[in-house]
Amino acid sequence: MGGFTNLLRFSLFWFLTSLTFFTTISISADTLTTTQILRTNQTLISQNETFVLGFFPGSDSNWYVGIWYKNIDDRTLVWVANRDNPLEDSTGFLMIGDKGNIVIDNPSGNPVWSSNQTTANNPIVQLLDSGNLVVKEANLSDPTKYLWQSFDYPTDTLVPGMKMGWNLDTGMEKHITSWKNTGQDPSTGGYSFKIDYHGLPEIFLRNNQNITYRSGPWNGERFSGVPEMEPDTDSIVFTFSEDEHGVYYSFSIGNQSIFSRLIVTSDGQLQRLAWIQSSQTWNKFWYAPKDQCDVYRECGPYGICDSNASPVCECVRGFKPKNQQAWNLRDGSDGCVRNTNLECVSDKFLHMQNVKLPETTTAFVNRSMTLVECEDLCHRNCSCTAYANIEITNGGTGCVMWIGELIDMRQYSDGGQDLYLRLAASDVDDLASAGGSHKTNDTGKVVGITLSAAVIILGLGFLSWKKRKLLLNGNTDRRGSLQRSQDLLMNEVVFSSKRENSGERNMDDLELPIFDFNTITMATNNFSEANKLGQGGFGIVYRGRLMEGQEIAVKRLSKTSGQGNEEFKNEVKLIVKLQHRNLVRLFGCCIDMDEKLLVYEYMENRGLDSILFDKAKRPLLNWRRRFSIICGIARGLLYLHHDSRFRIIHRDLKASNILLDSEMNPKISDFGMARIFGTDQTEANTLRVVGTYGYMAPEYAMDGNFSVKSDVFSFGVLVLEIISGKKNRGFYYSNNELNLLANVWKQWKEGSALELIDPSIGESYSPSEVLRCIHVGLLCVQERAEDRPTMSSVILMLSSETSLMPQPRNPGFSVGRNPGETDSSSSKQDEPWSVNQVTVTLLDAR
């Protein structure tokens, strides 16, 4: 059949090609229909003759399809379709495929590139005056309803009306990426310019994975690090939008006679260009990085870069160079450290002006708070190092608050915005009395030297006295002192939020707010039974309310819990690094009074299991909500496996670890057993198997091998549980019954899979959508890890009704009771064995 299709394509191509010797096949100026093809010597031209779509040659005799400006002699390309799949010569053509998609084909009948398939009945391809190539239904009443558009797949150029950013509902992301070689090779290069929506969204220029430039956050008028952006001018208007559905940046041109574009070049430079008609040239009126201070982290933590100073790096006031020798050599990458340790309650804030705000990826953001409320919250949180308004419009609105080091700041003579930096009160007072200057007079220096000498002499005398006293103490006192010191190190050094201890700590121990135990006690009404939300293997979870009104969930680890210091630190370190709408948010932790507490955002509907497996509550989960929960879990897991800065294997994904907010949005929780993988690592092995039977992949439960495919297995179990409303209880049931996976497999093969659906859903569901989810679930729980799909493939299959899906193979653990067992087995073995809610803490897999 495939050979016949290729022969048909080949014959059609040569028929249409030879036909041109006798007649010209008519192609509308800006439109291509299903009966037409576009050859390498033909073009489409937009209605007002602004843009051209056609074939163009590249390096090594390769040919590409692209869009360029019509009335600019030097061909300026703004989009390339097949940038990584070129034609090997000029004998190709473009046409509408049988799946309503755009296809670039060659005479052999093997397409080199195609757009996503569509559901069009009578599709046409049209080139718009915006430079957007679209697929839509012919004669559609709504001319803006596109089934596919090139604006969703930018290459190296952003033109007016094109958006870059994230659709948070679908997980679709748009960014621009450099050519490999400008003017010769349009294939994907090493530089990309893309939005990071975590914290306060910013745009980063990267060389592969290394950040080279940061725009700074949007302040309502411009990016904090781009003071040259002039808002609301007649020629250009910049737009940045953010809500729960997406984060986007775009620009528009008020004067239609002006052409403007933003590009990322093959040598790693951002350029905003405008076409000057009079001189027939592209004018580069903005670019970055343009100087030393545009280089990411040029001056290190708490360093601030000023291109008008020499050297360009300075420490912010109240700080000094961490490495003075390197600083003297004009290397400020190590940054700065505080002159005076913070005291929390007495600390004050230094008002800094015209500053590019520090990196905000992990910052706290609240758009409804005033600056006064922001200051109050920051002052009460001892881990808060600085705060600022989010936007400078309307006198300043919103609150952004930094927890930890301040990175990549820049001082402008005009531009930037205000930043309020936390300092010890004495440092703020000294700066105020000195007029904010770094300089002191000679008298001050003399006094300072004299005082320092006196302190040193007194200190040496004190140490000598202390040493003699210690020699007189017994060994018992020394052992007790040593134990107290070790406890202090555990509680204060490993988990302290103060940067002055950073030299004592492992680099992996990231910082986050440290809550006082009394604060948590007050918030939970002394851990009252009325505030108890639930209890798990590692302790009890309580509901609480902080003084500022924030509702929280407090995980109080049992002192006899299997989750020791390592698991606790692991959960803290992992969650503070992860920011996604489908992951539970960690507010902070508390280590005090021999307690280990984790403070999370409060989730109104608690765990998925509390509703899904409750006969009275499960009708709350109609099919729309269940499908949304499945997709949300998939997006969160994709982020862990692929999109986060670290590849995370959760290892304990189950219904009770999926929390639901007030709108039933799912969030993955409980990262105590999660593992970080290296960028090139695909799997690992352990003798300490942790997780929950019923959700554990066979290779993990039996051999200790785990990978992203282990989480995929757990996700598949969850999908089938959500559809059926039934638990997958362990590996098998007694009395020759089938577990959930085996039962689903049996009904799938018999063609009765729809009988699996939870009756409480009623009739308001799409049979095709349910079958697609069951199909995906079975693919995920296949016995062999290599047969299971990745989460990116899962999301594609869930979101597309027309995506091709392989047939599933046998699921893992789809067996009944072992036929070898007899009635002589112990009574304990004869009972139904359900360990679905038992967390395995130690299993010798060998």
Side-chain angles (χ1 to χ4, degrees), residues 193 195-196 199-205 211-242 249-251 260 262 269-274 283-300 302-317 332 349-361 363 365 371 374 386-402 406-421 436 438:
F193 192 49
I195 291 177
D196 189 325
L200 201 57
E202 305 185 60
I203 314 185
F204 292 87
L205 178 66
I211 299 173
T212 60
Y213 167 79
R214 179 180 68 95
S215 70
W218 184 260
N219 62 19
E221 292 185 350
R222 62 179 74 88
F223 290 111
S224 176
V226 191
E228 302 92 340
M229 294 178 74
E230 293 294 334
D232 301 324
T233 64
D234 293 334
S235 60
I236 187 167
V237 177
F238 302 101
T239 305
F240 194 90
S241 59
E242 178 190 8
Y249 164 69
S250 64
F251 69 96
S260 180
L262 176 70
Q269 191 176 76
L270 288 169
Q271 296 179 359
R272 184 169 294 285
L273 304 162
N283 179 42
K284 184 169 67 175
F285 65 90
W286 176 84
Y287 64 96
K290 60 181 176 296
D291 56 34
Q292 189 176 349
C293 288
D294 271 345
V295 176
Y296 179 68
R297 294 179 67 117
E298 175 68 14
C299 298
Y302 298 108
I304 189 163
C305 196
D306 186 349
S307 60
N308 294 319
S310 182
V312 295
C313 286
E314 296 179 345
C315 289
V316 296
R317 292 166 182 174
F349 292 95
L350 178 69
H351 182 191
M352 301 173 63
Q353 296 176 295
N354 302 120
V355 173
K356 175 184 178 181
L357 292 186
E359 184 178 338
T360 59
T361 308
V365 175
L371 192 63
C374 192
Y387 70 93
N389 274 138
I390 294 176
E391 297 193 353
I392 61 175
T393 54
N394 300 318
T397 59
C399 170
V400 55
M401 200 170 75
W402 286 265
L406 306 182
I407 299 295
D408 197 42
M409 291 183 287
R410 177 168 181 166
Q411 184 70 57
Y412 295 108
S413 56
D414 185 26
Q417 59 194 94
D418 293 349
L419 176 70
Y420 297 86
L421 171 70
H438 289 287

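Put simply, the side chain of Asn394 never gets that close to the backbone of Gly396: no donor and acceptor are under 3.5 Å apart. Judged by distance alone, the side chain of Lys356 and the main-chain N or O of Arg214 form a donor-acceptor pair under 3.5 Å. Although no hydrogens or angles enter the test, the distance criterion places no donor-acceptor pair under 3.5 Å between the side chain of Asn354 and the main chain of Gln411. No donor-acceptor pair under 3.5 Å is formed between the side chain of Ser307 and the backbone N or O of Cys293. With hydrogens and angles ignored, the 3.5 Å screen pairs no side-chain donor or acceptor of Trp218 with any backbone N or O of Ser241. At distances below 3.5 Å, not a single donor-acceptor pair connects side-chain atoms of Asn389 with backbone N or O atoms of Ile392. With hydrogens and angles disregarded, a donor-acceptor distance shorter than 3.5 Å links the side chain of Ser260 to the backbone of Leu273. Remark: side-chain polar atoms of Asp306 are not paired, donor with acceptor, to backbone N or O of Val312 under 3.5 angstrom.
Considering all non-hydrogen atoms of both residues, Ser215 and Phe223 come closest at O-CB, 3.5 Å. Heavy atoms only, all atoms of each residue included: Gly332 and Cys313 are closest at CA-SG, 4.3 Å. In this structure, Tyr412 and Gly225 approach most closely via the heavy-atom pair OH-O, 3.1 Å. Here the closest heavy-atom approach between residue Gly416 and residue Asn219 is recorded as O-ND2, 4.4 Å. The nearest pair of heavy atoms linking Leu200 to Val365 is N-CG2, 3.8 Å.
Annotation: cation-pi pair Arg272/Phe251 present, NZ/CZ under 6.0 Å from the ring centroid and within 45° of its normal.
Atoms OG and CG, on Ser413 and Asn308 in that order, are 5.5 Å from each other to the nearest 0.5 Å. Going from atom CG of Leu419 over to atom CD of Gln353 covers 11.0 Å, rounded to the nearest 0.5 Å. Atom CG of Leu270 and atom OH of Tyr213 lie 7.0 Å apart (nearest 0.5 Å).
Between Cys399 and Cys374, a gap of under 2.5 Å is found separating the two SG atoms.
Residues Thr361 and Phe204 meet the side-chain proximity criterion, which asks for heavy atoms closer than 4.5 Å. Using a 4.5 Å heavy-atom threshold, the side chains of Tyr302 and Ile407 count as separate. Side-chain contact between Arg410 and Asp291 is present, with at least one heavy-atom pair separated by less than 4.5 Å. Side-chain contact check for Leu357 versus Met409: every heavy-atom pair is 4.5 Å or farther apart.
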Any chance you could lay out the disulfide bond (SG atoms under 2.5 Å apart) test for Cys305 and Cys299, step after step, and finish with the verdict? CA-CA 6 Å; Cys305 196; Cys299 298; 3.9 Å; no

Go through the steps to decide whether Asp418 and His351 satisfy the test side-chain contact (heavy atoms from CB on, under 4.5 Å), and finish with yes or no. CA-CA 7 Å; Asp418 293 349; His351 182 191; 3.2 Å; yes

Derivation and outcome, side-chain contact (heavy atoms from CB on, under 4.5 Å), residues Glu221 and Phe238: CA-CA 8 Å; Glu221 292 185 350; Phe238 302 101; over 6 Å; no

For ring pair (Phe, Tyr, Trp, His ring centres under 6.0 Å), just list the numbers for Tyr387 and Phe349, CA-CA rounded to whole Å, side-chain angles, deciding distance to a tenth of an Å, and then say yes or no. CA-CA 9 Å; Tyr387 70 93; Phe349 292 95; 5.0 Å; yes

Before giving the answer on side-chain contact (heavy atoms from CB on, under 4.5 Å), spell out for Ile390 and Thr397 the whole-Å C-alpha distance, their side-chain angles and the decisive distance to 0.1 Å. CA-CA 6 Å; Ile390 294 176; Thr397 59; 5.7 Å; no

Could you pull out every donor-acceptor pair under 3.5 Å between side chains of residues 283-290 and any protein atom, sequence neighbours left out?
residue: Lys284; atom: NZ; partner: Gln269; partner atom: OE1; Å: 3.4
residue: Lys290; atom: NZ; partner: Glu228; partner atom: OE2; Å: 2.9

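No hydrogens or angles considered: a donor-acceptor pair under 3.5 Å links the side chains of Glu202 and Thr360.
With salt bridges taken as basic N to acidic carboxylate O contacts below 4.0 Å, none links Arg297 and Asp408.
Between Tyr249 and Phe240, the ring-plane angle classifies as tilted under the 30° and 60° cut-offs.
Of the candidates Ile211, Asp294, Thr212, Thr212 is the only one forming a side chain to side chain contact (heavy atoms under 4.5 Å, CB included) with Leu205.
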